[in-house]
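Report on one structure; see the data block that follows.
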Amino acid sequence: MRLLVTGGLGFIGSNFILSMLKTYQDLSVTNLDLITYAGNLENLLDVQDYGNRYTFIKGDITDKSLVNEVVSTKPDVLVNFAAESHVDRSILDASAFLKTNIIGVQTLMDCCREYGVKRFVQISTDEVYGSLGADDPAFVETNMLKPNSPYSASKASADLLARAYHKTYNMDVVITRCSNNYGPLQFPEKLIPLMITNAIQDQELPVYGDGLNVRDWIHVLDHCRAIDTVMRDGKSGGIYNIGGSCEYTNIDIVRLILTKLNKPFSLIKYVQDRPGHDRRYAMNAAKIHDELGWAPSIDFEEGIDATIKWYIENESWWRKIKSGEYLDYYEKWYGNLKK
Ligand code: NAD
Ligand code: TDX
């Protein structure tokens, strides 16, 4: 199988590429990534072991002539991870989100159609469904899309575009919608790596609002295995929820991390809430389980222990990130949230 992966230098994409190259000997990957602030060549240093089974191309998924050139090599499948992915940054400025997450997807799908790529896999998110109340049933694939942030609105737009290309052009498109991922190589702007690295540095841990918002956590490798399953066996035009069935409040996650690192709860700092903050996400993943036989396999306690260990052992990786642009962003965002 010849895979074209877009956005493969980010958190989930790099974990996906590593696990695919390791699992399948008869598979090669071309990775097209712009190397934005979130893309990191260091994430895939280990792929040198795979020789010519891995090719990297630097470029923008909104650049039609480049994408045409890359797609003209006719990969079997395109898996699109490329996106602006951080809700808080979308609140500061939505422009790049609309460009990459919507126009980028259109560009990729147009080129795939032109060159007859057999399948397009769009990596989407639970956030397209909006927010749940404490007693609401978990999201199912048939729920209405009710995005609440510029980020989730851009991802929902891409999902609708993917649906339209399937209906209009009979294009073979599958969409995966996953809950919150954690694991190695996650950029330290997201809750879990932010809290682990701030705690290691004895810095404040900023908790939004009352800290009682709920997320459904899944280890990134369980997500990658689900994507592989949908990519191979998912029904054309199908949408598949992926989740860990593992709901935690943010404050419980933060306290767990501090406890495991043997750091005091006094590092916790409640700050102003994120505008439009979704209260709760929970995924009903019965469809992917019943139709394709996938279920998560990594226990949260074990996964979080391994993740904390990874951040302790890879301090130079995240210390390099936590400089320059990151510090400017941090000041701009958290500077406004002080209570
Ligand atoms: P990330 O921010 O870590 O990585 C995004 C990658 O896309 C980076 O390597 C970046 O350089 C690249 N990129 C950005 N704009 C690009 C462009 N215009 N052209 C080419 N490459 C570009 O994101 P992530 O957390 O790995 O998420 C990957 C995908 O999964 C996203 O589509 C996101 O919406 C989705 N998702 C993420 C989560 C999560 O918990 N992180 C959960 C569900 C879905
Ligand atoms: O400093 C913080 N303090 C805090 O309380 C940060 C960064 C987050 N939070 C809260 C906000 C959320 O309730 O933690 C929760 C998780 O926040 P994020 O890590 O920013 O993730 P979330 O907004 O839930 O979105 C994530 O999951 C779905 C990913 O970033 C998206 O890319 C994915 O689509």
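Order of appearance sets the numbers: ligands from 1, and atoms from 1 within every ligand. Every heavy atom of this structure was used, including side-chain atoms; hydrogens, water molecules and symmetry mates were not.
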> Just distances here: any N/O of V207 and N/O of ligand 2 closer than 3.5 Å?
Replying inline: no
> Can you list the ligand 1 atoms lying under 4.0 Å from a non-hydrogen atom of G59?
Replying inline: 19 (N), 20 (C)
> Between K155 and ligand 1, which part of the residue brings a heavy atom under 4.0 Å of the ligand: side chain, backbone, both or neither?
Replying inline: side chain
> What part of I35, side chain, backbone, both or neither, has a heavy atom within less than 4.0 angstrom of ligand 1?
Replying inline: backbone
> Based purely on interatomic distance, does R274 place a nitrogen or oxygen under 3.5 Å from a nitrogen or oxygen of ligand 2?
Replying inline: yes
> Where do T73 and T30 land on the side-chain contact (heavy atoms from CB on, under 4.5 Å) test, with the steps shown first?
Replying inline: CA-CA 10 Å; T73 60; T30 297; 5.9 Å; no
>> Please classify the Y151 to ligand 1 contact at 4.0 Å (heavy-atom distances, strictly less than): side chain, backbone, both or neither.
In response: side chain
>> Using a 3.5 Å cut-off on N or O atoms only, is Y151 in polar contact with ligand 2?
In response: yes
> Can you find an N/O atom of T36 closer than 3.5 Å to an N/O atom of ligand 1?
Replying inline: yes
> What do you reckon, does Y334 have a nitrogen or oxygen under 3.5 Å from a nitrogen or oxygen of ligand 2?
Replying inline: yes
> Are any of the N or O atoms of L34 closer than 3.5 Å to those of ligand 1?
Replying inline: yes
>> Are any of the N/O atoms on V87, whether in the backbone or the side chain, positioned under 3.5 angstrom from an N/O atom of ligand 2?
In response: no
> Under 6.0 Å from the CZ atom of R280, do we count more than 12 heavy atoms belonging to anything else shown?
Replying inline: yes
> Taking the six-membered ring for Trp, is the centroid-to-centroid distance between Y37 and F187 below 6.0 Å?
Replying inline: yes
> If you measure every N/O of Y208 against every N/O of ligand 2, is any gap under 3.5 Å?
Replying inline: yes
> Applying a 4.0 Å heavy-atom criterion (strictly less than), which segment of A96 is in contact with ligand 1: side chain, backbone, both, or neither?
Replying inline: neither
> Hey, is H277 one of the residues with a heavy atom under 4.0 angstrom from ligand 2?
Replying inline: yes
> Which bit of N180 is near ligand 1, meaning a heavy atom under 4.0 Å away: side chain, backbone, both or neither?
Replying inline: backbone
> Within the structure, does D88 bring an N/O atom to less than 3.5 angstrom of an N/O atom in ligand 2?
Replying inline: no
> Can you check whether R215 has an N/O within less than 3.5 Å of an N/O in ligand 2?
Replying inline: yes
>> Test your reading of the structure: does H223 have an N or O sitting under 3.5 Å from an N or O of ligand 1?
In response: no
